[in-house]
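Please read the structure below before turning to the comments.
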Amino acid sequence: MATDEHIILKEHPCFGPCKKNKGRIHLPVAPGCNIECRFCDRKINEDEQRPGVTSAVLEPEEAAGFVELAIEKCPEITVVGIAGPGDTLATDRALKTFRLLRGKFPKLIRCMSTNGLLLDEKAEEVAELIDTLTVTVNAVDPEIQAQINNKIIYHGKIYTGIEAAKILIRNQLSGIRKVAKAGTLVKVNTVLVPGINDKHIEEVAATVKAAGASIYNIIPLIPQNDMKDIAAPTCEELHRARQEAELYINVFRHCQHCRADAVGVPGVYDIGAKLYQGRLSVKETFSHG
Ligand code: CLF
Ligand code: SF4
């Protein structure tokens, strides 16, 4: 759903200028993922309920109660977002949650993030329900993408290497085009991986801008899992990448790497652990915001 862009830039903590008085609640309703990024500690579907782990993700039907509680405790909240802990489109739980919330909290901006594998086919529904969407695009060249991602599961089939990369990139860009055209504001996140996509940032920025994205967020790699031996980018490398991207698209520089259960004002305070009482027990990893 397209909300006035001017209102979003003024009210959303992650779009427009830096704001220390606007907050968001993330609803951790989306378990499981359909791709396998090499820097991610959670393998496909690993964070679905496991024996011995008592905590669980939220049920879509529980979401409204938590939003009410959160607004009471944090009046700065302007955004209700779903950012994982897996991919929001890998199951129908995120979109179901937004359907249930729609109408109940008309003033809140609805925000979602996705890896974009299923964005092309779900674009219409996404655009109908979501005001601001983030898509993580780590490369637009399949040769580079194939070094960042191990595999994808697409319509029940596993793809690897260049073949997987081509499907992912095609669906991300086509999805962005459709959703942006329908009026949803699109932000693109890229994880900066030194030695792999650090010379590729200009091309990603220009390509996603041409597809309709309006803001770009470069996130430094957290070295873990298959990428644990790659050094995180230095401040200079991050700065350079942002300057290169800025030639093509507005760059967001205040990202706080929020967890999928973050609640509060990014970078100022967080009551997520208290609100959800630690029920989400996934490892801290790359944020999907
Ligand atoms: Fe959440 Fe992301 Fe929406 Fe913001 S976070 S889904 S766009 S409401 Fe924001 Fe957090 Fe950075 Fe994300 S600071 S990780 S950019
Ligand atoms: Fe999935 Fe996100 Fe992990 Fe990538 S980083 S494998 S998209 S959960």
Side-chain angles (χ1 to χ4, degrees), residues 8-9 11-16 18-20 22-48 57 70 76-91 94 98 108-119 130-138 145 148-153 164 168 172 184-191 193 213-222 224-227 251-268 270 272 282-289:
I8 289 174
L9 297 180
E11 296 294 322
H12 199 308
C14 321
F15 284 70
C18 180
K19 308 167 195 84
K20 292 288 180 207
K22 302 292 176 195
R24 45 83 188 98
I25 172 170
H26 281 170
L27 298 164
V29 298
C33 192
N34 44 15
I35 71 173
E36 196 175 294
C37 302
R38 295 183 61 224
F39 50 70
C40 183
D41 247 349
R42 301 192 314 278
K43 302 286 187 193
I44 288 171
N45 285 338
E46 192 193 295
D47 53 275
E48 270 167 340
V57 294
E76 297 99 331
I77 287 177
T78 52
V79 174
V80 56
I82 303 181
D87 183 60
T88 49
L89 295 176
T91 62
F98 282 120
L108 294 182
I109 296 165
R110 290 188 296 277
C111 187
M112 194 176 90
S113 65
T114 175
N115 62 35
L117 179 64
L118 298 179
L119 186 57
I130 313 294
D131 303 300
T132 53
L133 180 75
T134 296
V135 187
T136 300
V137 179
N138 293 322
Q145 176 63 45
I148 300 176
N149 191 266
N150 284 332
K151 59 178 169 229
I152 65 170
I153 297 186
L168 182 59
Q172 288 172 328
T184 293
L185 275 192
V186 177
K187 169 159 74 62
V188 166
N189 280 356
T190 296
V191 180
V193 187
S214 55
I215 189 156
Y216 192 49
N217 180 20
I218 302 173
I219 299 173
L221 171 77
I222 299 171
Q224 55 187 7
N225 200 36
D226 290 351
M227 291 195 171
V251 172
F252 177 68
R253 292 168 193 267
H254 311 288
C255 182
Q256 299 294 329
H257 302 175
C258 313
R259 285 174 54 100
D261 57 357
V263 182
V265 178
V268 180
D270 194 282
V282 292
K283 280 187 191 173
E284 190 132 20
T285 182
F286 163 66
S287 161
H288 280 262

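Values reported hereafter were calculated over all heavy atoms of this structure, with side chains retained and with hydrogens, waters and symmetry mates removed. Just so you know, ligand 1 is whichever comes first in the structure, and atom 1 is the first atom listed for that ligand. These numbers come from a predicted model, not from an experiment.
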Exercise for the section: Indicate if the distance from atom 1 (Fe) of ligand 2 to the nearest N, O or S atom of Cys33 falls below 2.8 Å. Expected result: yes
Practice task
Tell me, please: is His12 in heavy-atom contact with ligand 1, that is, under 4.0 Å?
Solution key: yes
Exercise for the section: Output the list of atoms in ligand 1 that are nearer than 4.0 Å to some heavy atom of Lys187, sorted by atom number. Expected result: 7 (S), 15 (S)
Handout entry: Backbone of Glu11 reached by a side-chain donor or acceptor of Thr78 within 3.5 Å
Key = yes
Problem - Element-labelled atoms of ligand 1 that are located less than 4.0 Å from some non-hydrogen atom of Gln256 - result: 11 (Fe), 13 (S)
Problem - Numbered atoms of ligand 2 (with element) below 4.0 Å of Asn115, judged on heavy atoms - result: 7 (S)
Practice task
Let me see the working for Ile77 and Val263 under side-chain contact (heavy atoms from CB on, under 4.5 Å), right down to the final yes or no.
Solution key: CA-CA 8 Å; Ile77 287 177; Val263 182; 4.0 Å; yes
Practice task
Would you confirm whether Asn217, through its side chain, and Asn189, through its main-chain N or O, come within 3.5 Å as a donor-acceptor pair?
Solution key: no
Exercise for the section: Could you check if a side-chain atom of Cys33 sits within less than 4.5 angstrom of a side-chain atom of Asn115, using non-hydrogen atoms only? Expected result: yes
Problem - Pairing residues for Lys19 by the side chain to side chain contact (heavy atoms under 4.5 Å, CB included) criterion, not counting sequence neighbours - result: Pro17, Asn21, Lys22
Practice task
Please work out whether any backbone atom (N, CA, C, O) or any side-chain heavy atom from C-beta onward of Thr132 is under 4.0 Å from ligand 1, and answer side chain, backbone, both or neither.
Solution key: neither
Practice task
Give the numbers and elements of all ligand 2 atoms closer than 4.0 Å to a heavy atom of Cys37.
Solution key: 4 (Fe), 5 (S), 6 (S), 7 (S)
Problem - ligand 2 contact on Thr136 by region, counting heavy-atom pairs under 4.0 Å - result: neither
Handout entry: Heavy-atom check, side chain of Asp226 versus side chain of Asn150, under 4.5 Å
Key = yes
Handout entry: Distance-only polar pair, side chains of Asp87 and Thr114, donor-acceptor under 3.5 Å
Key = yes
Handout entry: Main-chain N/O of Gly272 paired with Asp261 side-chain donor or acceptor, under 3.5 Å
Key = no
Exercise for the section: Say whether Ile35 and ligand 2 are in contact under the criterion: heavy-atom distance to a ligand atom below 4.0 Å. Expected result: yes
Practice task
Kindly identify the option in His254, Arg24, His26 whose heavy atom sits closest to atom 1 (Fe) of ligand 1.
Solution key: His26
Practice task
Check ligand 1 against Cys14 and write out every atom of the ligand that is under 4.0 Å from a heavy-atom position of the residue.
Solution key: 4 (Fe), 5 (S), 7 (S), 9 (Fe), 13 (S), 15 (S)
Practice task
Please lay out, stage by stage, how Phe252 and Thr134 fare under the test side-chain contact (heavy atoms from CB on, under 4.5 Å).
Solution key: CA-CA 12 Å; Phe252 177 68; Thr134 296; over 6 Å; no
Handout entry: Region of Cys111 that comes within reach of ligand 1 [heavy atoms, distance under 4.0 Å]
Key = side chain
Practice task
Report, in ascending order of atom number, the atoms of ligand 1 lying under 4.0 Å from any heavy atom of Val79.
Solution key: 8 (S)
Problem - Per-atom contacts of ligand 1 with Asn217, taking only distances under 4.0 Å to non-hydrogen atoms - result: 15 (S)
